[in-house]
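Accompanying notes for the structure given below.
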Amino acid sequence: MKYDFEDYMGVKDYSKMFVSKLMKSNTGQCHSMPLLYLILAEQIGAEAFLVMSPNHSYIRYMDDSREMISLELTNGMFSANSFVLNSGYIKSEALQNKLYMQNLSKKEVLSQTFVDLASGYIHKFGYDEFVGQV
């Protein structure tokens with residue numbers, strides 16, 4: 001699978017954010033690729049976590065030596081936490097408040113999926129009472 005550089009944030013076409021689009025086209029971005037990884041990991045019983053940083057998400061899992069490894073699926077590289085921290089995009093207050101770089105629980109990932117649903121709906125139909133229900 002390859003990175004989709006065209007409308008990667010789904011501004012023109014929000015379906016670019018979905019795993020279904022990734023599966024159809026073999027192209028995705030830092031939103032859909034980690035979600036597909038999580039789906040596959042869950043299906044085989046492997047433990048993996050979605051981790052968020054500003055405008056980005058990646059996967060974290062424990063390797064055979066019990067060390068947490070961050071996997072950057074957009075380029076297929078392993079990333080150290082220090083790389084993300086040194087980017088300058090994350091302030092210490094955000095880390096202290098656990099806004100970024102935390103392993104998300106299944107409930108938090110499900111909540112993010114509802115946000116995706118609502119965002120896709122807003123993009124297509126506008127804001128209405130359905131968005132509030134989601």
Side-chain angles (χ1 to χ4, degrees):
M1 298 188 169
K2 297 178 184 171
Y3 191 83
D4 184 357
F5 288 97
E6 188 176 317
D7 192 27
Y8 62 90
M9 293 184 75
V11 173
K12 293 182 221 161
D13 179 6
Y14 197 79
S15 70
K16 292 241 182 175
M17 305 298 283
F18 296 141
V19 172
S20 56
K21 182 266 181 192
L22 169 62
M23 296 295 295
K24 287 179 194 171
S25 67
N26 280 330
T27 61
Q29 41 23 15
C30 68
H31 186 78
S32 59
M33 290 174 153
L35 291 175
L36 177 59
Y37 189 102
L38 279 180
I39 291 167
L40 296 174
E42 185 165 307
Q43 287 300 305
I44 65 169
E47 188 175 44
F49 301 94
L50 185 66
V51 179
M52 308 296 273
S53 63
N55 296 315
H56 193 63
S57 61
Y58 54 96
I59 292 294
R60 191 178 285 152
Y61 68 94
M62 194 168 296
D63 70 5
D64 292 337
S65 63
R66 310 290 297 155
E67 183 179 337
M68 286 303 250
I69 303 293
S70 296
L71 177 58
E72 174 54 64
L73 292 163
T74 58
N75 62 16
M77 303 293 287
F78 297 102
S79 298
N81 285 340
S82 60
F83 175 78
V84 178
L85 290 171
N86 289 329
S87 70
Y89 293 111
I90 301 176
K91 304 293 181 218
S92 61
E93 295 82 14
L95 290 175
Q96 290 168 354
N97 291 319
K98 300 185 186 288
L99 295 177
Y100 296 119
M101 297 185 65
Q102 301 295 312
N103 295 349
L104 297 184
S105 68
K106 287 184 181 191
K107 186 176 182 179
E108 290 167 325
V109 172
L110 181 59
S111 295
Q112 184 61 50
T113 303
F114 287 132
V115 170
D116 289 344
L117 173 63
S119 297
Y121 183 90
I122 291 168
H123 218 79
K124 191 168 188 175
F125 302 109
Y127 191 92
D128 62 22
E129 67 278 349
F130 176 73
V131 176
Q133 292 172 346
V134 172

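Predicted model only: the values in this text are computed from it and were never measured.
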Grouping I, L, V, M, F, W and Y whenever their side-chain heavy atoms are under 4.5 Å apart, do L22 and L71 come out in a common cluster? yes

Separation of E47 CD from R60 CZ (nearest 0.5 Å): 12.0 Å

Note: V131 and G126 closest approach over all heavy atoms is CG2-O, 4.3 Å

Contact check, side chains of K21 and D4, non-hydrogen atoms, under 4.5 Å: yes

Heavy-atom closest contact (I39 atom, V19 atom, distance): CD1-CG1, 4.2 Å

Tightest non-hydrogen contact, residues F114 and V134, listed as O-CG1, 3.2 Å

Spacing of CD belonging to E72 relative to SG belonging to C30, to within rounding of 0.5 Å: 7.0 Å

Mind checking whether Y3 and Q29 have side chains closer than 4.5 Å, heavy atoms only? yes

Could you report the tightest heavy-atom contact between M52 and S57, atom names first, then the distance? SD-CB, 3.6 Å

Verdict with supporting geometry, K16 and H31, side-chain contact (heavy atoms from CB on, under 4.5 Å): CA-CA 9 Å; K16 292 241 182 175; H31 186 78; over 6 Å; no

Out of curiosity, D13 CG to K124 NZ, how far, rounded to the nearest 0.5 Å? 9.5 Å

Which pair of heavy atoms, one from Y8 and one from M17, lies closest together, and at what distance? O-SD, 3.8 Å

Side-chain contact, heavy-atom cut-off 4.5 Å: V11 with D7? yes

From L36 CG over to I59 CD1, what is the distance, rounded to the nearest 0.5 angstrom? 9.5 Å

Could you state whether I122 and L117 fall into the same hydrophobic cluster, counting links through intermediate Ile, Leu, Val, Met, Phe, Trp or Tyr residues with side-chain heavy atoms under 4.5 angstrom apart? yes

Same cluster (ILVMFWY, side-chain, under 4.5 Å), I69 and M33: yes

Can you tell me how far apart CG (N55) and CE (M9) are? Round to the nearest 0.5 Å. 5.0 Å

What do the steps show when you test Y121 against D128 for side-chain contact (heavy atoms from CB on, under 4.5 Å), and what is the final call? CA-CA 9 Å; Y121 183 90; D128 62 22; 2.7 Å; yes

Indicate the atoms forming the closest heavy-atom contact of F18 with G120, along with that distance. CZ-CA, 4.5 Å

Residue pairs fulfilling salt bridge (charged side-chain N to carboxylate O under 4.0 Å, His left out) with at least one residue in residues 105-122, sequence neighbours excluded: E42-K106

M23, CE: over 12 other non-hydrogen atoms inside 6.0 angstrom: no

Output the distance between atom OH (Y37) and atom CG (L50), rounded to the nearest 0.5 Å. 12.5 Å

In this structure, are over 12 heavy atoms from other groups packed under 6.0 Å from F130 atom CZ? yes

Using modelled atom types and a 3.5 Å cut-off, is there a donor and acceptor pairing between side-chain atoms of N103 and backbone atoms of F49? no

Quick check: is L40 connected to M1 through a chain of hydrophobic side chains (ILVMFWY, heavy atoms under 4.5 Å apart)? yes

Applying the 4.5 Å side-chain criterion to the ILVMFWY set and letting contacts propagate, would L35 and Y61 be lumped into a single cluster? yes

Looking at E129 and G132, would you say the former's side chain and the latter's main chain have a donor-acceptor pair under 3.5 Å? no

